[in-house]
Amino acid sequence: MALPKLVILISGRGSNMISIVEAIEAGSLPVTIAAVISNRPNAAGIDYANKAGITTAVLDHKSFESRESFDEALADKIDSFKPDLVVLAGFMRILTTDFVHHFKNSLINIHPALLPKFKGLNTHQRAIDAGEKEHGASVHIVTAELDDGPVVLQARVPVLENDTAETLAARVLEQEHKLYPAAIKKLIEDTSD
Ligand code: GAR
């Protein structure tokens, strides 16, 4: 059987994308990456993917007139790779409902909080300010509502007394790098049952 194909969307450094590449290389994640796509031309993750010999594409959202026209072009680009799963890995764009429906049940995201807590941005500072004892990250199926949709897997870390948003983010990110490959594996195993 052919391995499931991923398209990974990034906007920046792409460390979660790299963790997926490394899991594949280590033989612990039986998938292939059809392409890595960025909405920012200078995303560091694109350089990494190019050097790793992965097909890349850049669709600069700034060169589109509207969110709708960008999302339509992005959906067409993704479709051209015929992926089984579309993986948002630090893709910092709000997606239109049409886009989300187009990839219904095959679009996943990693969010740096224990959903349903702390949807949106600045999750680490907000967790500290709220006096949380525990924080973490969630991989979830994307639905039309922002940072909503069924959770596939979560990873938890303690919030320490002297944590800043930066130290907490680093502790969470370390877990994200294990969580995303594990969640993709789980989804693939669940769908092949
Ligand atoms: C990650 O921490 C990810 O959870 C977060 O952005 C970072 C991207 O890092 N995503 C969101 O905040 C989505 N709303 P990376 O580019 O190194 O993977």
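Both ligands and their constituent atoms are indexed starting at 1 by order of listing.
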Exercise for the section: Identify, for atom 8 (C) of ligand 1, the protein heavy atom at the shortest distance, and state residue, atom and that distance. Expected result: G90 CA, 3.6 Å
Problem - Close N or O approach (N109, ligand 1; < 3.5 Å) - result: no
Practice task
Looking only at protein heavy atoms, identify the closest one to atom 14 (N) of ligand 1 and say how far it is in Å.
Solution key: H111 ND1, 3.9 Å
Handout entry: For S15, atoms of ligand 1 separated by under 4.0 Å from a heavy atom
Key = 15 (P), 16 (O), 17 (O), 18 (O)
Handout entry: K186 and D190 ion-paired at < 4.0 Å
Key = yes
Handout entry: Heavy-atom neighbours of K119 NZ exceed 12 at 6.0 Å
Key = yes
Problem - I10 heavy atom under 4.0 Å from ligand 1 - result: no
Exercise for the section: With atom 12 (O) of ligand 1 as the reference point, say which of S11, A113, P112 has the nearest heavy atom. Expected result: P112
Handout entry: 4.0 Å heavy-atom contact, M17 with ligand 1
Key = no
Handout entry: Location of contacts on E176 toward ligand 1, heavy atoms closer than 4.0 Å
Key = side chain
Problem - Any pair counted as salt bridge (Lys or Arg N to Asp or Glu O under 4.0 Å), so long as it reaches residues 75-86, sequence neighbours left out - result: none
Problem - Contacting atoms of ligand 1, where contact means under 4.0 angstrom from a heavy atom of R13 - result: 9 (O), 15 (P), 16 (O), 17 (O)
Exercise for the section: Evaluate the side-chain proximity of I78 to P83: yes if any heavy-atom separation is below 4.5 Å, no if none is. Expected result: yes
Practice task
Answer yes or no: are there more than 12 heavy-atom neighbours, outside Q125 itself, under 6.0 Å from its atom CD?
Solution key: yes
Exercise for the section: Say whether H124 and H135, considering side chains only, have a donor N or O and an acceptor N or O under 3.5 Å apart. Expected result: yes
Practice task
Would you please say whether a donor-acceptor pair under 3.5 Å links the side chains of T123 and H111?
Solution key: no
Exercise for the section: Before signing off on this row, confirm whether G14 and ligand 1 have an N or O atom pair separated by under 3.5 Å. Expected result: yes
